[in-house]
Protein chains: 2
Amino acid sequence: MTETGKEKAITMPEAENNTFDQPCPIRDVLDRIGDQWSLLVLEALGTGRMRFNELGREIGDISRQMLSRTLRRLEHDGLVDRTIFAEVPPRVEYALTDLGRSFLGPMQVLVKWADDNHQAICNARLRINKHDGSQP
Amino acid sequence: MTETGKEKAITMPEAENNTFDQPCPIRDVLDRIGDQWSLLVLEALGTGRMRFNELGREIGDISRQMLSRTLRRLEHDGLVDRTIFAEVPPRVEYALTDLGRSFLGPMQVLVKWADDNHQAICNARLRINKHDGSQP
DNA sequence: GCTGCATGGTCTACTATTTAGATCAAGGAC
DNA sequence: GTCCTTGATCTAAATAGTAGACCATGCAGC
């Protein structure tokens with residue numbers, strides 16, 4: 001079950017879904033950036049170019065595989081640029097492209113909302129929502 | 001090995017993480033709305049109040065379990081309001097709260113970006129990114 | 001009177017994704 | 001010679017998500 005001959009996304013990172021049969025572009029784009037890590041990676045890169053492990057340290061709790069995969073996807077989508085320096089030990093730097101930078105604005109709006117409404121959300125969470133069907 | 005600082009108790013819907021030891025509110029909020037489904041649910045509810053199955057049909061490919069879980073979480077976070085009508089067959093309607101509605105603006109910005117840049121992303125995807133170590 | 005349908009979920013069994021940790025390659029420090 | 005560094009990748013195990021069966025309830029049809 002674990003290593004059966006199914007070549008899925010783990011074994012073939014290159015063979016991602018390239019067919020754009022998504023009816024709506026929003027859905028298509030949200031499928032990519034709406035995951036756990038992409039926003040965080042883009043936010044981290046918003047502060048400037050970074051190396052792989054530096055990025056991992058900045059985000060804190062991302063596994064190397066997911067960092068690698070997320071970066072590859074963002075690069076593939078044209079949001080992130082990857083530069084390899086032929087040094088030893090190897091150095092690889094990641095930076096936002098123009099397209100990637102254009103995303104910072106919308107993301108900042110989102111982050112601002114999160115910041116502004118964090119307290120309200122905390123309050124809602126602390127209020128025990130008992131749905132015992134209290135019908136007046 | 002068991003729990004090293006990061007507990008995301010999604011497996012236990014009742015016992016959600018109520019401790020706010022997240023250093024940054026952005027991270028805390030993004031952990032909730034930055035998943036596959038929350039955005040889509042909020043977007044769907046943005047058009048008006050809806051019943052459970054209606055919502056599922058609108059989104060299309062969400063499992064009932066995830067829809068239920070996502071709605072419960074959004075309700076718990078105070079973004080969505082749940083109204084049960086004591087009828088048979090049972091009727092449950094979901095609607096955005098004021099807090100939930102306040103999120104529509106930021107989301108629209110995001111959706112607009114997705115819409116505007118969908119083509120650029122498609123172009124980037126179609127361009128085969130071969131990283132054969134071509135250093136300048 | 002009994003069966004079947006509709007709704008809003010939940011439970012279970014399976015599948016897919018994510019993680020943790022080992023490993024790799026290659027040059028430099030010791 | 002041995003170990004350290006970096007940027008990954010591979011494997012095995014844990015976790016998250018899916019599809020579909022199932023539940024309760026009142027009414028329509030037989």
Side-chain angles (χ1 to χ4, degrees), chain A residues 1-17 31-32 34-38 40-41 49-75 80 82-94 131-133, chain B residues 1-17 31-32 34-38 40-41 49-73 75 80 82-94 131-133 135:
Chain A
M1 218 69 73
T2 51
E3 51 98 27
T4 48
K6 300 267 188 185
E7 292 90 0
K8 294 305 288 182
I10 297 181
T11 47
M12 299 209 57
E14 247 75 32
E16 296 225 359
N17 176 22
D31 268 0
R32 304 305 180 103
D35 67 290
Q36 180 83 275
W37 301 117
S38 295
L40 292 170
V41 167
R49 55 194 309 116
M50 276 192 207
R51 302 175 64 168
F52 184 85
N53 282 338
E54 198 181 352
L55 207 40
R57 240 172 286 122
E58 178 78 15
I59 296 175
D61 53 353
I62 187 172
S63 68
R64 274 165 304 202
Q65 190 167 74
M66 282 318 290
L67 180 55
S68 176
R69 212 132 84 188
T70 303
L71 283 167
R72 205 171 303 284
R73 188 147 68 182
L74 291 173
E75 184 197 6
V80 161
R82 182 170 179 264
T83 312
I84 309 169
F85 295 85
E87 302 174 0
V88 167
R91 184 156 64 99
V92 181
E93 287 189 350
Y94 293 91
H131 24 61
D132 51 289
Chain B
M1 193 191 293
T2 50
E3 54 257 19
T4 60
K6 188 195 183 185
E7 41 262 337
K8 310 176 54 176
I10 303 179
T11 47
M12 301 202 63
E14 248 71 34
E16 293 229 357
N17 176 18
D31 269 0
R32 305 304 182 103
D35 68 292
Q36 181 82 277
W37 301 117
S38 295
L40 293 170
V41 168
R49 57 194 307 116
M50 276 192 206
R51 301 175 64 170
F52 183 85
N53 283 338
E54 197 179 353
L55 207 40
R57 242 172 285 122
E58 178 77 15
I59 296 175
D61 54 353
I62 187 172
S63 67
R64 271 169 304 203
Q65 189 167 75
M66 282 318 290
L67 180 55
S68 175
R69 212 132 85 187
T70 303
L71 283 168
R72 205 170 303 281
R73 188 147 69 183
E75 185 197 5
V80 161
R82 182 170 179 266
T83 312
I84 309 168
F85 296 85
E87 302 174 359
V88 168
R91 184 156 62 100
V92 180
E93 288 190 350
Y94 292 91
H131 23 63
D132 51 286
Q135 61 275 50

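All of these numbers come straight from a predicted model, not from anything done at the bench.
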Exercise. Between Ser68(A) and dT9(D), is there a side-chain N or O to OP1/OP2 distance below 4.0 Å?
Worked result: yes
For this session: Find the distance Tyr94(A):OH to dA8(D):C1' and express it as a whole number of Å.
Result: 8 Å
For this session: State whether Ser63(B) places a side-chain N or O below 4.0 Å from either non-bridging phosphate oxygen (OP1 or OP2) of dG20(D).
Result: no
For this session: Write down the distance between CZ (Phe52(B)) and P (dA24(D)), rounded to a whole number of angstrom.
Result: 19 Å
Problem set entry | Distance, rounded to the nearest Å, where Ile62(B) contributes CD1 and dG20(D) contributes C1' | 16 Å
For this session: Tell me, with the steps shown, if Leu40(A) and Thr70(A) meet side-chain contact (heavy atoms from CB on, under 4.5 Å).
Result: CA-CA 10 Å; Leu40(A) 292 170; Thr70(A) 303; over 6 Å; no
For this session: Let me know the distance between CZ of Phe85(A) and C1' of dG27(C), rounded to the nearest Å.
Result: 18 Å
For this session: Verify the contact: side-chain N or O of Trp37(A) to OP1 or OP2 of dT19(C), cut-off strictly under 4.0 Å; return yes or no.
Result: yes
Seminar exercise, completed: Of the listed dA8(D), dG27(C), dG8(C), the closest approach to the Val88(A) side chain comes from dG27(C)
For this session: Check whether any side-chain N or O of Arg51(B) sits under 4.0 Å from OP1 or OP2 of dG9(C), and answer yes or no.
Result: no
For this session: Calculate the interatomic distance between Arg64(B) atom CZ and dT12(C) atom P; express it in whole Å.
Result: 16 Å
For this session: Could you check how far CD of Glu87(B) sits from C1' of dA6(C), rounded to whole Å?
Result: 13 Å
Exercise. Under 3.5 Å, is there a donor-acceptor pair between the side chain of Ser38(A) and the main chain of Arg32(A)?
Worked result: yes
Problem set entry | Residue pair Arg91(B), Thr83(B): steps toward the side-chain contact (heavy atoms from CB on, under 4.5 Å) verdict | CA-CA 8 Å; Arg91(B) 184 156 62 100; Thr83(B) 312; over 6 Å; no
For this session: Would you mind reading off the distance between Leu71(A) atom CG and dG7(D) atom P, rounded to a whole angstrom?
Result: 11 Å
Exercise. How many angstroms lie between atom CZ of Arg69(B) and atom CH2 of Trp37(B), to the nearest 0.5 angstrom?
Worked result: 13.0 Å
Exercise. In whole angstrom, what separates Gln65(B)'s CD from dC22(D)'s C1'?
Worked result: 14 Å
Exercise. Does a side-chain N or O from Arg72(A) land closer than 4.0 Å to OP1 or OP2 of dT9(D), or not?
Worked result: yes
Exercise. Can you tell which of dT18(D), dG8(C), dA8(D) lies closest to the side chain of Met66(B)?
Worked result: dT18(D)
For this session: To the nearest 0.5 Å, tell me how far Tyr94(B) OH sits from Leu67(B) CG.
Result: 7.0 Å
